[in-house]
2 protein chains.
Amino acid sequence: MSKKTTIYDIAKALDITAATVSRALNNNPKISDTTRELVLQKAAEMNYEQNKLAQALKSGKSYNVGVIVPRVDSNFFGSVIRGIEEELNPQGYHVIICQSYEDPKTEGKKIDTLLNAQVDGVLVSTTSNSKKEPLKRILAKNIPLIFFDRRKDMQGVSSVVINDFEGAYKATKHLIDEGCTKIAHLSGNFSLEIFRERFSGYKQAIIDAGLPFNEDWVIKTKSNRTDGIEATKTLLQLNPRPDAIFSASDFAALGAIQEIRAQKLNIPQDISVVGFSNEPFTKFMELPISTIDQSPFEMGKMAAKVFLEQSNNESHVKMEKKVVLDPQLIIRNSSLKTQVLTP
Amino acid sequence: MSKKTTIYDIAKALDITAATVSRALNNNPKISDTTRELVLQKAAEMNYEQNKLAQALKSGKSYNVGVIVPRVDSNFFGSVIRGIEEELNPQGYHVIICQSYEDPKTEGKKIDTLLNAQVDGVLVSTTSNSKKEPLKRILAKNIPLIFFDRRKDMQGVSSVVINDFEGAYKATKHLIDEGCTKIAHLSGNFSLEIFRERFSGYKQAIIDAGLPFNEDWVIKTKSNRTDGIEATKTLLQLNPRPDAIFSASDFAALGAIQEIRAQKLNIPQDISVVGFSNEPFTKFMELPISTIDQSPFEMGKMAAKVFLEQSNNESHVKMEKKVVLDPQLIIRNSSLKTQVLTP
DNA sequence: ATTAAATTTGCAATCGATTACGCTATTACA
DNA sequence: TGTAATAGCGTAATCGATTGCAAATTTAAT
């Protein structure tokens with residue numbers, strides 16, 4: 001019931017104007033120390049809280065930032081969001097989270113909603129076939145747009161991604177170092193740059209090692225467990241049979257492992273497996289899965305930092321910043337033939 | 001560069017007043033159809049978009065709802081949030097997500113920040129020892145407050161939780177039905193109601209079955225894997241040794257399984273294990289873990305619905321609604337002695 | 001003491017949308 | 001035709017905070 005107290009209430013109580021109160025609260029130097037003290041005291045006493053909406057309307061800044069991800073109930077995106085929040089909250093920003101569910105149409109709608117809500121910036125991890133029009137609408141309004149993890153080729157848009165090529169290269173190189181020579185690859189949706197890059201890294205590592213590259217050993221999946229199982233069934237029927245699988249996704253790698261075991265083959269003795277993303281379950285498995293860590297938390301922080309830079313950039317000089325994080329190979333028992341057990 | 005068009009721009013272009021434009025856009029019946037058409041057309045043409053901030057300031061409604069969870073990078077809370085969004089977005093609400101990191105002080109701060117941002121409601125999953133003062137500040141402003149999953153005993157506050165007692169009872173009963181008679185319990189932080197309830201359900205099931213209740217078989221953990229391992233070490237040294245473990249958390253259950261296997265005992269033949277929460281990894285394990293599903297998605301939707309009801313409730317009659325969802329037992333191989341293999 | 005300079009504070013407009021109230025036309029009815 | 005009722009639109013205030021400009025007051029300087 002107690003109506004919120006405004007600066008007018010404080011002004012009335014002290015018999016001064018709201019203007020003076022506002023200035024006092026904002027540490028404006030044109031206010032005498034005595035008045036400032038008086039105001040601050042009264043404000044505390046009256047339990048004053050600034051109305052951000054009014055301030056937002058006046059300043060044109062909402063201190064809200066939109067984040068669009070395919071979904072939040074995945075460890076990767078959850079961690080990215082956590083990184084973003086940790087960086088933006090101390091700066092007074094709130095994060096509005098939207099999910100595109102991998103649907104470009106939904107993505108477009110969410111963008112419009114966010115623009116409508118007067119967000120000060122938009123951080124996006126695109127869907128596999130995002131449309132550029134909605135994204136351009138953001139730029140047209142001169143609102144900072146930043147891509148993370150999954151980017152689109154758009155001029156003037158900054159991005160924070162990991163080096164997927166390098167990650168795949170490391171993973172494949174590791175398998176080669178462990179003595180594998182017939183390395184298969186479970187790939188993903190090629191309309192996403194990340195999967196094209198991972199494929200390239202895989203291929204390059206094989207070529208660099210002087211091993212033959214075999215088209216048949218590359219199978220596209222939807223990056224889930226069941227597709228991993230199906231693809232592995234196909235691979236295991238080949239002759240010669242692959243002696244390693246590098247999967248562009250942990251979930252497909254999981255499926256692969258399950259199928260390999262179902263066929264009574266040993267991992268890593270018969271076939272080694274490496275995944276991608278360092279999803280929590282890869283660590284907890286009875287047979288822990290080697291994988292590539294994408295440091296999602298740092299990615300989120302980085303994306304937020306880029307936004308802040310862009311946002312505070314007074315000059316009208318636009319800049320495009322590309323941050324590429326280095327992925328880390330995590331070796332576990334699914335690919336370590338010289339078994340070194342860790343506690 | 002292109003300044004946003006306002007209703008004043010439209011008014012000027014049509015040589016009418018902003019008031020008329022506003023009414024036309026809001027489908028006010030006091031406007032002629034011809035004018036309305038004209039305005040709508042011009043608005044579309046000029047690419048008009050309503051400024052939610054101005055509207056929020058005027059109406060006092062921000063159409064933002066705050067959600068506070070211990071953390072977002074867990075499947076459970078991620079799914080709850082997804083449910084909340086799915087229910088609120090269509091109603092025009094945005095969700096601002098905050099993380100308390102299980103720290104009551106942080107929680108208090110986030111509450112103040114949300115209030116400051118003029119949110120229309122706050123949905124909270126409390127920390128283990130939340131302070132009531134910040135929560136009361138929400139109520140003092142007459143802003144709907146809803147608890148989900150983890151509640152505090154506060155008069156007039158609605159909540160959506162699952163029946164933890166029932167879930168634990170079902171899990172324990174299942175173990176008994178499978179022939180176990182010496183069932184241990186890995187518990188959690190007792191300052192959280194959910195863990196007290198789960199313990200009670202466990203105890204009641206044992207008593208109802210006429211089995212002896214043994215204090216030594218109940219061990220408190222921090223609901224993580226390492227604590228699960230430690231607790232299990234203790235349990236396995238007991239004489240007589242338990243023949244089943246019901247863990248109040250999936251992570252502790254995972255630790256238990258790892259320790260049991262490390263000691264070369266068989267699951268479920270020697271010892272059966274049931275967890276709680278249906279975390280994704282429980283399904284993917286080589287030995288899938290039986291667990292209790294909390295339907296987080298539905299919980300989120302339900303919490304959002306309760307908020308909407310409360311928010312649209314014109315009358316000043318306060319009501320307290322308690323929704324209790326029914327948990328579901330998911331039987332997997334970690335507790336199924338009469339092995340029925342699923343593909 | 002008088003004027004110039006500096007400090008403090010007030011006035012009023014502004015951000016964009018909404019809405020109670022009231023003023024014109026237009027229509028209805030006798 | 002005259003009066004009342006109604007439809008349609010404009011005027012202006014409002015939400016709460018901010019800020020350029022001007023006014024008032026104090027301080028400094030001569």
Side-chain angles (χ1 to χ4, degrees), chain A residues 2-40 42-43 46-64 92 115-120 141-143, chain B residues 2-40 42-43 46-64 92 115-120 141-143:
Chain A
S2 64
K3 274 272 134 286
K4 296 154 195 158
T5 67
T6 72
I7 53 172
Y8 292 93
D9 300 325
I10 300 177
K12 202 170 292 170
L14 293 174
D15 201 28
I16 52 178
T17 24
T20 307
V21 175
S22 172
R23 281 188 271 250
L25 292 172
N26 288 304
N27 264 324
N28 188 310
K30 307 183 131 198
I31 289 289
S32 69
D33 290 343
T34 51
T35 313
R36 189 195 319 286
E37 270 314 309
L38 227 59
V39 170
L40 290 179
K42 201 71 181 176
M46 296 180 74
N47 239 312
Y48 171 75
E49 280 170 27
Q50 190 193 45
N51 184 325
K52 293 257 177 192
L53 290 180
Q55 195 193 21
L57 175 60
K58 188 69 174 93
S59 68
K61 273 191 91 169
S62 67
Y63 276 95
N64 277 148
L115 289 176
N116 207 229
Q118 315 290 128
V119 293
D120 295 340
K141 300 211 171 198
N142 240 295
I143 292 173
Chain B
S2 62
K3 274 270 132 287
K4 295 155 197 159
T5 67
T6 72
I7 53 172
Y8 292 94
D9 300 326
I10 300 177
K12 202 169 293 171
L14 293 174
D15 202 29
I16 53 178
T17 32
T20 306
V21 176
S22 172
R23 280 188 273 249
L25 291 172
N26 287 304
N27 265 323
N28 188 310
K30 304 184 134 200
I31 290 291
S32 71
D33 290 344
T34 51
T35 312
R36 189 195 319 285
E37 269 313 308
L38 228 60
V39 169
L40 290 179
K42 201 72 181 175
M46 297 180 73
N47 239 313
Y48 170 75
E49 280 171 25
Q50 190 192 45
N51 185 323
K52 293 260 178 189
L53 290 180
Q55 195 192 22
L57 175 61
K58 188 70 175 96
S59 68
K61 274 192 91 170
S62 68
Y63 276 95
N64 276 147
L115 289 177
N116 206 229
Q118 315 290 125
V119 291
D120 296 340
K141 300 211 170 198
N142 240 295
I143 291 172

Do the non-hydrogen side-chain atoms of [X] and [Y] ever get within less than 4.5 Å of each other?
X      : Y     : result
A/Y48  : A/I7  : yes
A/L14  : A/T20 : no
B/Q118 : B/N64 : no

Quickly work out the [X] [atom1] to [N] [atom2] distance and round it to whole Å.
X      : N      : atom1 : atom2 : answer
B/L53  : C/dG16 : CG    : P     : 10 Å
A/N51  : D/dT18 : CG    : P     : 10 Å
A/K58  : D/dT19 : NZ    : C1'   : 6 Å
B/N116 : D/dA17 : CG    : C1'   : 13 Å
B/N28  : D/dT6  : CG    : C1'   : 15 Å
B/I16  : D/dA7  : CD1   : P     : 20 Å
B/I7   : C/dT19 : CD1   : P     : 11 Å
A/K12  : C/dG10 : NZ    : C1'   : 16 Å

Does [X] make a side-chain N or O approach to OP1 or OP2 of [N] shorter than 4.0 Å?
X     : N      : result
B/Y8  : C/dT14 : no
B/Q55 : D/dC15 : no
B/Q50 : C/dT18 : yes
B/N26 : C/dT18 : yes
B/T17 : D/dG10 : yes
B/S22 : C/dG16 : no
B/S32 : D/dA7  : no

query: Where do A/L57 and B/A54 come nearest, in terms of heavy atoms and distance?
result: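 Heavy atoms of A/L57 and B/A54 come nearest at CD1-CB, 3.8 Å.
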task: Using modelled atom types only, decide if a donor and an acceptor are shared between the side chain of A/N26 and the backbone of A/N28 within a distance under 3.5 Å.
output: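 Absent.
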message: So A/T35, base contact, sugar-phosphate only, or nothing? Heavy-atom distance under 4.0 Å.
response: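 Result for A/T35 = sugar-phosphate.
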query: Base, sugar-phosphate, or nothing: which does B/I31 touch, judged by heavy atoms less than 4.0 Å apart?
result: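 Sugar-phosphate contact only - B/I31 comes under 4.0 Å of backbone atoms but never of a base.
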message: Measuring from atom CZ of B/R36 to atom CZ of B/R23, what distance do you get when rounded to the nearest 0.5 angstrom?
response: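 The distance works out to 11.5 Å.
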query: Taking atom CG of B/L38 and atom CG of B/D33, what is their separation to the nearest 0.5 Å?
result: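 Taking CG in B/L38 and CG in B/D33, the distance rounds to 12.0 Å.
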- line: A correct 5'-to-3' footprint of nucleotides 20-26 of chain C, with B, S and - meaning base, sugar-phosphate only and no protein heavy atom under 4.0 Å, is B------
